[in-house]
K.L.:
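My questions all concern the structure below.
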Amino acid sequence: MARRPRQDEERSMDSLMDAMTNVVGVLLLILIVSSLTISAEVKKIVENLPEVSVEELEAMKVSRKKTLDNLKDLERTHQTTIDNLPSDEEAAQLIADLEEFEKDNEELAEKTSDIEEWNAKVEEEEAKKEEQDKLVLEADKRDRELAAILAQTPEAEVKIAKEITMPNPRMADEDSRAMYIVCKFGKLYFVGDPYEHVLKIRDVIDQNFKDLAYTGKSIGSYTYTIKDTSRNDNGNLESLTEKVRLSRREREALAAWEAMKVTVANREGVMGKEASILQKIVGADDEAVVPVAKFRFDLKKITDFFGEGKFGPKDFKYFITKGNGDRIKLDLEPREADGGWTPDQFLGANSEFEQLCKQAATNRRTLFYYYVAPDSFETYLQARAKSEQFRVPAGWSVWDGTKLAPSGKPIRETVRYNLDILPDAEYIQLATSLGGNMVQMLNKEYSEFTTTVAAAVPKEITTPEEKKTFIDKLTKERYEWDASRFQSYTYDIFRTALAAQEVSGEKVVSLEIHPPEIPHIRIFTAANPPSAPAPPPKPQPNKPKPKPTTGSPGLILD
């Protein structure tokens, strides 16, 4: 019984050895198979390897050596970098310095953030610089050209400076009489007293009344009164008047006026009785005091009549243009070709200018006032030196124009006027034709008054209340206008013609207006009845009353 365990142990060992042998055998088989597979793959790889020449092999060896050398250099660099790394304390200090640098350069960071914008500006400035460089080159080229021209230009003659007296500004005396002189085209043009020119124009227009009077069919004032020298209680100039008394023969000659009947209303719209124009003017006694007046002129006829200065004197052309309101004015234009005096002419002994200087010297109220064009300053100095020899007070101003309109200094208030110039027969004829037309329009105004006012209501006014208000206001204002204006415009036509029959001789009359406007000449302007109520007046601030005219020339002497 004791040997059985031993036998069992031996049998177990044998079984184990058999198993181990089997495992080893399997492993050997696997190893053999793997070796064969690897050998096949190696053979395949070797067979697929490209052939390498001796030169290529040597090049590979050199490349391998360089690679090994570079590897050694990198190892040394790596070691050096590790050796030079800062310590923890040094790293902390570098971080602190970097934070401080960033803090100190925040503004720089903001500026550099707009680097694209700055680059655009730089490009723009560079483009401008290129353009400026081109201009500089062109200017340099032009400078060289001018330098070449200048080198061939003879040296300019230096003239001796003119000696003139220093100015002593002072106002001219109130009663001084200014005689105007123009220096232009290197010549001297003597204007003299502007009143002489405008009064000549007035006389020429009066002499051609038949051709220049306004004869159109319009509503308005066809006449204007001639003012006397006396004033009423309000300080206004009164009209010159003439007493008219018709004889039986004169009344018979005005039978056409007797046939003109009118029916008019007062300011309140109350219609009166029908009466003839002649009865309206002279009444039942054939007697009345009527204002002396003139018929108005046609602006277009006047401007066409004078044209381009054809009626001017030898030194000037006269140009007639519209003035303020219903007035006309005169402009003077020096004649370049055949007018004025050259220096040789006005500086000569006993020249016309010298005679004028002598006349001014004998009247201490007379002064010379020069208008000097830029092209004639030398002429002015020569003329001024001439007038200074006779101690004539003078002043001057620069004038750079073509037409001159000097105002009359001092202001004249009155003038003698020959009223015989009023054409009696033509006035009667004009009154009959123009007055007859005005009578017809005046009668039509009243016969169609209600219809005309109703038709004037604007379309935008629709309510009955608004229409009634509009009609009531316009009716009141239109009746007042007709009574104060329309009727006077009509009657004055006939009164003017009657006064011209009686007035004669020279009268001292008021000028009212002064040069360059032409006194005693007025042009026609239409004035129709109102077609709508006047808007309420706007409140106006209290303005100081203008100071009365003193007649001061307002000219500065030097």
K.L.:
Atom NZ of residue position Lys358 - does it have more than 12 heavy atoms of other residues, nucleotides or ligands inside 6.0 Å?
P.N.:
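Atom NZ in Lys358 is packed in, count exceeds 12.
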
K.L.:
Would you give the length of the straight line joining atom CZ of Arg202 to atom CG of Leu330, rounded to the nearest 0.5 angstrom?
P.N.:
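Result: 13.5 Å between the selected atoms.
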
K.L.:
Are Phe311 and Tyr318 an aromatic pair, judged by ring center distance below 6.0 Å?
P.N.:
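Not close enough - the centres of the two rings lie 6.0 Å or further apart.
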
K.L.:
So how far is it from Asp203 CG to His520 NE2, rounded to the nearest 0.5 Å?
P.N.:
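One gets 10.5 Å once the value is rounded to the nearest 0.5 Å.
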
K.L.:
Could you tell me which residues satisfy salt bridge (charged side-chain N to carboxylate O under 4.0 Å, His left out) with Glu258, sequence neighbours excluded, listed by chain and number?
P.N.:
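Here the qualifying residues are Arg251.
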
K.L.:
Carefully, step by step, assess Tyr369 and Tyr371 under the rule ring-ring contact (aromatic ring centres under 6.0 Å, His included).
P.N.:
CA-CA 7 Å; Tyr369 196 83; Tyr371 287 99; 5.5 Å; yes

K.L.:
Tell me if the NZ atom of Lys473 is crowded by more than 12 foreign heavy atoms within 6.0 Å.
P.N.:
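Open: at most 12 neighbouring heavy atoms sit under 6.0 Å from NZ of Lys473.
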
K.L.:
Does any pair with a residue in residues 453-477 pass ring pair (Phe, Tyr, Trp, His ring centres under 6.0 Å), and if so which ones, sequence neighbours excluded?
P.N.:
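Not a single pair qualifies under ring pair (Phe, Tyr, Trp, His ring centres under 6.0 Å).
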
K.L.:
Distance from Leu299 atom CG to Ile523 atom CD1, nearest 0.5 Å?
P.N.:
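That separation rounds to 4.5 Å.
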
K.L.:
If you compare all heavy atoms of Gly435 against all heavy atoms of Phe494, which two are closest, and at what distance to 0.1 Å?
P.N.:
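Where Gly435 meets Phe494 most closely, the heavy atoms are CA-CZ, 3.4 Å.
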
K.L.:
Leu434 and Thr215: which non-hydrogen atoms are nearest, and at how many Å?
P.N.:
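Closest heavy-atom pair between Leu434 and Thr215: CD2-O, 3.7 Å.
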
K.L.:
Among residues at least two apart in sequence or on other chains, which ones pass side chain to side chain donor-acceptor pair (under 3.5 Å) with Glu506?
P.N.:
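Result, side chain to side chain donor-acceptor pair (under 3.5 Å) vs Glu506: Arg416.
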
K.L.:
Can you pull out every salt bridge (charged side-chain N to carboxylate O under 4.0 Å, His left out) where at least one residue sits in residues 366-375? Sequence neighbours excluded, please.
P.N.:
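Qualifying pairs: none.
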
K.L.:
For a ring-ring contact (aromatic ring centres under 6.0 Å, His included) check, start with the C-alpha distance between Tyr427 and Phe209, then their side-chain angles and the critical distance, and finish with the verdict.
P.N.:
CA-CA 10 Å; Tyr427 269 31; Phe209 166 79; 5.1 Å; yes

K.L.:
Does Gln355, at its CD atom, have more than 12 non-hydrogen atoms belonging to other residues, nucleotides or ligands within less than 6.0 Å?
P.N.:
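Atom CD in Gln355 is crowded, with more than 12 foreign heavy atoms closer than 6.0 Å.
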
K.L.:
How many angstroms lie between atom OH of Tyr380 and atom SG of Cys183, to the nearest 0.5 angstrom?
P.N.:
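These two atoms lie 8.0 Å from each other.
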
K.L.:
How would you list all residue pairs meeting salt bridge (charged side-chain N to carboxylate O under 4.0 Å, His left out) that involve residues 391-407, not counting sequence neighbours?
P.N.:
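Sorted result for residues 391-407: empty, none.
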
K.L.:
Of all residues at least two apart in sequence or in a different chain, which pass the side chain to side chain donor-acceptor pair (under 3.5 Å) check with Glu333?
P.N.:
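Glu333: no side chain to side chain donor-acceptor pair (under 3.5 Å) contacts found.
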
K.L.:
Closer than 3.5 angstrom, by distance alone: can the side chain of Glu480 be matched with the main-chain N or O of Glu477 as a donor-acceptor pair?
P.N.:
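Checked: no pair found.
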
K.L.:
Would a 4.5 Å heavy-atom cut-off, applied to side chains only, mark Pro406 and Val191 as touching?
P.N.:
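Of all side-chain heavy-atom pairs linking Val191 with Pro406, at least one is under 4.5 Å.
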
K.L.:
As a test of understanding, state which of Thr303, Val198, Ile518 forms a side-chain contact (heavy atoms from CB on, under 4.5 Å) with Ile328.
P.N.:
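Output: one option passes, namely Ile518.
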
K.L.:
Ignoring hydrogens, what is the shortest heavy-atom contact between Ala265 and Gly269? Give both atom names and the distance.
P.N.:
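So the minimum-distance heavy-atom pair works out to CB-C, 3.8 Å.
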
K.L.:
Return yes when atom CZ of Arg485 has more than 12 non-hydrogen atoms of other residues, nucleotides or ligands closer than 6.0 Å, and no otherwise.
P.N.:
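For Arg485, atom CZ is not crowded (no more than 12 foreign heavy atoms under 6.0 Å).
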
K.L.:
Under 3.5 Å, side chain of Arg267 to main-chain N/O of Asp482, donor-acceptor pair present?
P.N.:
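Pair absent, no side-chain N/O of Arg267 close to backbone of Asp482.
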
K.L.:
With ring centroids as reference points, do Phe524 and Phe295 lie under 6.0 angstrom apart?
P.N.:
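Centroid distance Phe524-Phe295: not below 6.0 Å, so no.
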
K.L.:
Within the 4.5 Å heavy-atom criterion, are Leu240 and Val509 side-chain neighbours or not?
P.N.:
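Yes; the side chains approach each other to less than 4.5 Å.
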
K.L.:
Under 6.0 Å from the NZ atom of Lys210, do we count more than 12 heavy atoms belonging to anything else shown?
P.N.:
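No, NZ of Lys210 has 12 or fewer neighbouring heavy atoms, counting only those of other groups under 6.0 Å.
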
K.L.:
Using every non-hydrogen atom in the two residues, find where Gly348 and Glu354 come nearest and quote the distance to one decimal.
P.N.:
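Looking at all heavy atoms of both residues, the closest pair is O-OE1, 3.7 Å.
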
K.L.:
Would you say CD of Glu512 has more than 12 non-hydrogen atoms from neighbouring residues, nucleotides or ligands within 6.0 angstrom?
P.N.:
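Atom CD in Glu512 is packed in, count exceeds 12.
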
K.L.:
Establish, yes or no, whether a centroid distance under 6.0 Å links the rings of Tyr180 and Trp399.
P.N.:
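No, too far apart.
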
K.L.:
Starting at CG of Asn418, measure out to OG of Ser504 and round the result to the nearest 0.5 Å.
P.N.:
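It comes to 9.0 Å.
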
K.L.:
Output yes when a side-chain donor or acceptor of Lys187 lies under 3.5 Å from a complementary backbone atom of Gly339, and no otherwise.
P.N.:
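Looks like yes, one N/O pair under 3.5 Å.
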
K.L.:
Verify ring-ring contact (aromatic ring centres under 6.0 Å, His included) between Tyr479 and Phe449, making sure each step is shown before the conclusion.
P.N.:
CA-CA 9 Å; Tyr479 272 133; Phe449 188 91; 4.0 Å; yes

K.L.:
For Val392 and Cys357, which heavy atoms make the closest approach, and how far apart are they?
P.N.:
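It is CG2-O, 3.7 Å.
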
K.L.:
Which pair of non-hydrogen atoms, one from Glu336 and one from Tyr189, has the smallest distance, and what is that distance?
P.N.:
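Closest approach of Glu336 to Tyr189: CA-OH, 3.7 Å.
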
K.L.:
Are there over 12 heavy-atom neighbours, none belonging to Lys300, within less than 6.0 Å of that residue's NZ?
P.N.:
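Result for NZ/Lys300: open.
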
K.L.:
If you round to the nearest 0.5 Å, how far is CE of Met441 from CG of Asn437?
P.N.:
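Asn437 atom CG to Met441 atom CE measures 4.0 Å (nearest 0.5 Å).
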
K.L.:
Decide if atom NZ of Lys217 counts as having more than 12 heavy atoms of other residues, nucleotides or ligands within a radius under 6.0 Å.
P.N.:
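No, NZ of Lys217 has 12 or fewer neighbouring heavy atoms, counting only those of other groups under 6.0 Å.
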
